[in-house]
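The block underneath contains the structure these notes are about, expressed in structure tokens.
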2 protein chains.
Amino acid sequence: MNSKTKAKYEARARIIKAMSHPTRLFMVDELSRGERCVCKLTEMVGDDISTISKHLSVLKTAGIVADERRGTRVFYSLRVPCVLAFFSCVESVLKANARELAALAR
Amino acid sequence: MNSKTKAKYEARARIIKAMSHPTRLFMVDELSRGERCVCKLTEMVGDDISTISKHLSVLKTAGIVADERRGTRVFYSLRVPCVLAFFSCVESVLKANARELAALAR
DNA sequence: TGGCCATTTGGTAAAATGGCCAATAAATGA
DNA sequence: TCATTTATTGGCCATTTTACCAAATGGCCA
């Protein structure tokens, strides 16, 4: 792979990597139903707020979410709706995996 | 998050994580155009064959690729075609990021 | 069988990641 | 201004990931 091609795949991998953590994936899923403040996400996940904030900054750096401060709160929202396509595809991989397991057990 | 919900997002994150590396992403892209032997992928990427083999085993464990031995070679292929949806979405995130940068520069 | 490829596995060191606590910041309201 | 609420950042440590080399394995064919 030449360095240009490598850079291309590195840029893409960074975005995917940003979603490759259960907490971040959960938050993306949650944000797909509307904007949420950090406090709400913290409450839902149950980790320390500093942990949540860092996860959100990973998503923001990748360009997946946007943030907006209103008063003392910061609201996050999904910046690109298509990330949901990830979910349906991941779903079919999981289904294929389950089928495979069932076939092996037979 | 209760433990059941957590397990659900962990399973999904594992699949996404498997694709969150530039080399693995490149290989998924390449495999979308047809099966390839380890030797071919090694040649294309230019890393040590043991490194390539380990990356492939990550993709295989996640259920993204399948392998088949034919003679002395092992051929890998994409198991679930929809992973390509990842690429088009990642593309739009990158585009949105580029637009953002352009807007800031204005 | 023995040799030869292609691939996988084991071991190891360097780097990146994740999560908590403490400190800092930003906006609000008394 | 000062206290409060909400969020971000820095420091620290444990864990995970990555990539390489060397060694082991698997399958083919003379």
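Atom set for the values below is all heavy atoms of this structure, side chains included, hydrogens, waters and symmetry mates excluded. So that the names make sense, note that chain A is the first sequence line, chain B the second, and so on, each numbered from 1.
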Interatomic distance, B:Glu10 CD vs D:dT16 P [rounded to whole Å]: 12 Å
Sugar-phosphate, base or nothing in reach of B:Tyr76, heavy atoms under 4.0 Å: sugar-phosphate
Integer-rounded Å distance: D:dT9 C1' and A:Ile52 CD1: 16 Å
Selection from C:dC20, D:dT6, C:dA16 that lies nearest to any side-chain heavy atom of A:Cys39: D:dT6
Nucleotide nearest A:Arg73 when distance is taken to its side chain, options D:dC20, C:dC21, D:dT6: D:dT6
Value in whole Å for how far the P atom of C:dT28 lies from CZ of A:Arg70: 12 Å
D:dG11 base / A:Lys54 side chain donor-acceptor hit below 3.5 Å: yes
Whole angstrom value for the distance that separates P of C:dT8 from NE2 of B:His55: 13 Å
B:Asp47, nearest nucleotide to its side chain (from C:dT7, D:dT18, D:dC20): D:dC20
Below 4.0 Å: OP1/OP2 of D:dC20 and any side-chain N or O of B:Thr51: yes
Upstream residue (5' side of DNA chain C) when A:Gly71 and B:Lys40 are each assigned their closest nucleotide: B:Lys40
Lys/Arg-Asp/Glu bridge criterion (N-O < 4.0 Å) met for A:Arg70, A:Glu35: yes
Assigned partner base of D:dC29, Watson-Crick or wobble definition, under 3.5 Å: C:dG2
Sugar-phosphate only, base, or nothing, as touched by A:Arg24 at under 4.0 Å among non-hydrogen atoms: sugar-phosphate
Exercise: identify the closest heavy-atom pair between A:Tyr9 and B:Pro22: CB-O, 3.7 Å
Per A:Thr72 side chain, nearest of listed nucleotides D:dA7, C:dG19, C:dA27: C:dA27
Per B:Asp48 side chain, nearest of listed nucleotides D:dC20, D:dA19, C:dT7: D:dC20
Basic-acidic side-chain contact under 4.0 Å: A:Glu30, A:Lys40: no
Side chain of B:Arg69 - closest among C:dG19, D:dG27, C:dT7: D:dG27
A:Asp67 CG - D:dA7 C1' separation (whole Å): 11 Å
Separation of atom CD in B:Glu43 from atom P in C:dT7, rounded to whole Å: 12 Å
Spacing of B:Arg14 atom CZ relative to D:dT17 atom P, expressed in whole Å: 11 Å
Residue of the set B:Val58, B:Val80, B:Ile15 for which side chain to side chain contact (heavy atoms under 4.5 Å, CB included) holds with B:Ile64: B:Ile15
Length of the line joining B:Ile49:CD1 and D:dT18:C1', which is rounded to integer Å: 17 Å
Sugar-phosphate only, base, or nothing, as touched by A:Lys17 at under 4.0 Å among non-hydrogen atoms: sugar-phosphate
Sidechain N-carboxylate O distance under 4.0 Å for A:Arg79, B:Glu100: yes
B:Asp48 versus B:Thr51, side-chain donor and acceptor atoms under 3.5 Å: no
Nucleotide nearest B:Ser50 when distance is taken to its side chain, options D:dA7, D:dC21, C:dT7: D:dC21
